[in-house]
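Here's the structure we're looking at; comments come further down.
None of these values were measured; they are calculated from a predicted model.
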Amino acid sequence: MGGGGGVLLGMPGPWADDNREPSDLYTSKIGGLPDWPFPAENLAPNLLICGACGSKLCLVAQVYAPISSGTLNIEDRTILVFGCIIPNCGNTPLSWRALRVQKVDSERESSVSTEEVVPSTPPVSVSKTNWLDDDSDEDIDLEALSKALSEAGTLASHSKKKDGNRRSESVVKNSTLVARTGVDMETPVVPCFYMYTQEPSSKDIVSSICSTYSELSVKEEQNCDYNDDEMGDAGEQEVYEYDKALSADRTYLKFKKQLDANPDQCFRHLYGGKPLLATAELGDPGNCKLCGGFRHFEMQLMPQLISFLLDGADDCQKNVLENWNWMTLVIYTCSKSCSNSFDREKSTTSGWIVEEEAVLVQFEKALHESILPGYFS
């Protein structure tokens, strides 16, 4: 999925059987619990606390995001996005957080662990190990195997299922072997469903361009059809406001065009590319806190994600999710995807680095303030 490729869209797959069921770090999903490759208690606790209210954050998205480019080849790498479900708390940028989870020295370790060629784009469904295939007639020490999987998480990626968009029965059975000491019943969760990736269809985009820009042309004609004798000072002010909003209108129309072309998309991934903005203004992602290098765009969550979550939510969850009024969450990550300054001997995360990255939020309120009044009516 990494550098050098084009846009990849995250599309909805099957619902999880249980919102708290385990999978692995190579699985892309919305909601549920994060799949840490080390004991969760070893994680710095402040990373999962809301910066606005101090409550526990819940997982919004887990996206497997390996990098394969001329300068970087990192397979064991996932982006996790968290949000706050306390009512009205998700309306502030402090309530959102993105973490980059990455195996240290992943390129060197993966090169000696197997000769299998691993694709840069992850499988289109839930990825699990297939260790049962070769030894199904012999007794298996499940406890020892579970421990081995925990200590050698990088090996899991080399035997991932490649079974399309469906989760097989063996996948569901194997998911119980992910190393967790028990089901976490304290961390808040939103409904969980799995994701697969696909490239955007150029045919759909062209069709959407024609539709959205025709819509803009109609609105331009409607707002420019003034009677000079009746316009007066009030009319001149209205024309001024329209001209001021027109540029924002075009930014949103480009955003809407891409949504209409693939209306089910839940995330967009374009490592090192440009984000698709709902409004022209976007904050500063800052520099990497680990190496000081600049951050670049990697991925963004799209608003249809909220609609899918509402479909699977109970009444209590719906009240919370309906308060999320963002149009897109834009994730910027370290351009070097660095792991320097990592002390393996002092680490409690089994050779994995967990680094906070930047989340820039574009809210629906700001969108309505910048777009021509009446556009959404």
Side-chain angles (χ1 to χ4, degrees), residues 1-2 5-17 19 21 23-32 34-35 59-68 77-81 83 98 119-128 157 160-168 171-172 175 189-209 211-212 254-271 273-276 278 297-313 321 324 326-331:
M1 185 185 286
V7 175
L8 284 177
L9 306 181
M11 310 299 288
W15 288 98
D17 294 329
N19 289 334
E21 71 182 28
S23 51
D24 60 40
L25 199 64
Y26 307 94
T27 297
S28 293
K29 64 182 182 180
I30 298 297
D35 296 294
L59 178 69
V60 179
Q62 175 177 295
V63 178
Y64 175 51
I67 300 174
S68 179
R77 183 178 182 275
T78 298
I79 304 298
L80 298 99
V81 183
S120 61
T121 300
V124 297
S125 186
V126 184
S127 58
K128 309 287 178 176
S157 62
K160 289 190 274 286
K161 295 281 186 182
K162 300 178 178 63
D163 56 354
N165 302 344
R166 291 191 168 277
R167 301 170 68 218
S168 66
V171 167
V172 177
S175 69
V189 296
V190 293
C192 179
F193 60 91
Y194 296 96
M195 307 290 293
Y196 67 94
T197 57
Q198 70 177 36
E199 296 180 356
S201 167
S202 57
K203 179 180 179 181
D204 290 339
I205 293 176
V206 170
S207 176
S208 182
I209 291 174
S211 174
T212 53
K254 181 179 179 181
F255 183 81
K256 185 175 183 292
K257 173 197 70 176
Q258 298 289 349
L259 288 181
D260 291 345
N262 294 276
D264 288 344
Q265 60 182 291
C266 293
F267 71 78
R268 296 173 63 85
H269 188 278
L270 183 58
Y271 184 81
K274 294 183 178 180
L276 181 63
F297 170 72
E298 175 156 350
M299 59 169 285
Q300 63 189 114
L301 301 186
M302 307 302 283
Q304 188 62 21
L305 177 156
I306 300 177
S307 297
F308 288 126
L309 289 178
L310 286 169
D311 289 342
L321 294 172
W324 285 0
W326 49 266
M327 291 298 296
T328 185
L329 301 178
V330 185
I331 315 301

Minimum heavy-atom distance [X]-[Y], with the two atoms named:
| X | Y | result |
| --- | --- | --- |
| P12 | F193 | CB-CE1, 3.8 Å |
| P303 | L259 | CG-CD1, 4.0 Å |
| G83 | V60 | N-CG2, 3.5 Å |
| L309 | P191 | CD2-O, 3.2 Å |
| P34 | Q62 | CA-OE1, 3.6 Å |
| L301 | F267 | CD2-CB, 3.8 Å |

N262 vs Q198, test: side chain to side chain contact (heavy atoms under 4.5 Å, CB included). Steps then yes/no.
CA-CA 10 Å; N262 294 276; Q198 70 177 36; 3.7 Å; yes
Using side chain to side chain contact (heavy atoms under 4.5 Å, CB included), reason through M302 and L276 one step at a time and then give a plain yes or no.
CA-CA 10 Å; M302 307 302 283; L276 181 63; 4.2 Å; yes
In chain order, what residues pass the side-chain hydrogen bond (donor to acceptor under 3.5 Å, both in side chains) check against E298, with sequence neighbours excluded?
R77, H269, T333
Is the closest side-chain heavy-atom distance between [X] and [Y] below 4.5 Å?
| X | Y | result |
| --- | --- | --- |
| E199 | L8 | yes |
| Y194 | I30 | no |
| V330 | M299 | no |
| M195 | C266 | yes |
| E21 | C192 | no |

Test side-chain contact (heavy atoms from CB on, under 4.5 Å) applied to I306 - qualifying residues, sequence neighbours left out
L310, W324, W326
Run the side-chain contact (heavy atoms from CB on, under 4.5 Å) test against L270 and tell me which residues pass, sequence neighbours left out.
V7, F297
Nearest 0.5 angstrom please: F255 CZ to D260 CG, how far?
10.5 Å
Let's go through I331 and V81 carefully: what are the C-alpha distance in whole Å and the side-chain angles of both, what is the deciding distance for side chain to side chain contact (heavy atoms under 4.5 Å, CB included) to 0.1 Å, and is it a yes or a no?
CA-CA 9 Å; I331 315 301; V81 183; 4.0 Å; yes
Run V189 and L59 through side chain to side chain contact (heavy atoms under 4.5 Å, CB included) and show every step you take.
CA-CA 7 Å; V189 296; L59 178 69; over 6 Å; no
Using the side-chain hydrogen bond (donor to acceptor under 3.5 Å, both in side chains) rule, collect all pairs that involve residues 299-313, keeping only residues at least two apart or in two chains.
Q300-T328
Is a donor on one side and an acceptor on the other found under 3.5 Å between the side chain of Q265 and the backbone of Q258?
yes
Sole candidate of L25, T27, T78, D24 that passes side-chain contact (heavy atoms from CB on, under 4.5 Å) when paired with Y64:
T78
